[in-house]
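Step one of this worksheet: look at the structure below.
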Amino acid sequence: MAYDSAKIYSLSTCSHCKAAKRFLGECKVKYEFVDVDSLTGEERQAILTDIKELNPRCSFPTIVIGDTVIVGFHEDKIREALGIKNGD
Amino acid sequence: MEIKTLYETLRKIQEPKGYFFNKDLDLVFELLEALLLNKESYGYMACPCRLASGDRDHDRDILCPCDYREPDVKEYGACFCGLYVSRELKQGQRSAEYVPERRDPDRFV
């Protein structure tokens with residue numbers, strides 16, 4: 001596997017974000033997540049600035065694996081970014 | 001309000017308008033639960049898959065059903081979060097696609 005860690009910008013209420021976290025868990029990948037809806041004030045604004053640089057649409061989930069940014073929950077793109085071959 | 005009640009209430013209102021709940025009922029009930037959570041947290045049913053601001057008027061375009069449901073269901077067969085789908089998608093006459101975000105990103109604050 002090319003990478004064994006990921007970062008997800010997510011919302012606690014978003015089903016696609018929950019599915020992405022579940023999938024990364026199934027892939028045995030350590031991931032860090034930020035539920036942006038639980039943030040307020042300057043911390044929230046700083047994170048939104050970061051997200052808009054990675055994903056100008058500011059949609060969720062926004063997933064970072066190495067240098068790859070994946071917008072939305074796409075199993076195929078996540079596998080590819082992790083370097084997981086089908087059947088691994 | 002109980003999720004099953006919300007499900008039945010919305011189904012009776014939305015189906016005649018041509019909007020059907022996703023056949024993935026786990027997803028539907030998870031999203032309805034999230035709508036009720038948002039109602040509790042913010043006082044309004046903001047779309048569960050978009051960052052709510054906490055200001056109802058500012059978020060009037062993402063009150064469920066959101067302003068983007070119509071163009072999204074027309075183009076992709078489903079709304080952004082996947083709660084509502086078209087008749088064709090419900091009946092398996094078209095397959096689900098990823099729905100990109102239409103909302104102006106500057107509205108996320």
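In the text below, chain A, chain B and the rest are named by the order of the sequence lines, each starting its count at 1. Hydrogens, waters and symmetry mates are skipped; everything else that's a heavy atom, side chains included, is used.
- Side chains of B/Glu70 and B/Tyr19 form a contact here, defined as non-hydrogen atoms less than 4.5 Å apart.
- Proximity to chain A (any heavy atom under 4.5 Å) is shown, for B/Ala46, by neither the backbone nor the side chain.
- At least one donor-acceptor pair under 3.5 Å links the side chain of B/Asp55 to the backbone N or O of B/Asp57.
- Aromatic rings of B/Phe80 and B/Tyr68 (six-membered ring for Trp) have centroids beyond the 6.0 Å cut-off, not under it.
- Interface remark: A/Pro61 contributes no atoms to any contact with chain B (heavy atom separation under 4.5 Å).
- Not a single donor-acceptor pair under 3.5 Å links the side chain of A/His16 to the backbone N or O of A/Phe60.
- In terms of heavy-atom pairs under 4.5 Å with chain B, the best-connected choice from A/Ser59, A/Ser15, A/Ser12 is A/Ser15.
- Ranking B/Ala34, B/Gly82, B/Pro48 against chain A, the residue ahead of the rest is B/Pro48, based on heavy-atom pairs under 4.5 Å.
- Ranked by heavy-atom pairs under 4.5 Å with chain B, the list A/Thr13, A/Leu11, A/Asn55 is led by A/Thr13.
- Counting heavy-atom pairs under 4.5 Å between each of B/Gly54, B/Pro100, B/Cys81 and chain A puts B/Cys81 at the top.
- Within a 6.0 Å sphere centred on CD of B/Gln93, other residues, nucleotides and ligands contribute more than 12 heavy atoms.
- Among B/Asn38, B/Asp26, B/Leu35, the residue making the largest number of heavy-atom pairs under 4.5 Å with chain A is B/Asn38.
- B/Pro71 is listed as a side-chain neighbour of B/Arg102, based on a closest heavy-atom distance under 4.5 Å.
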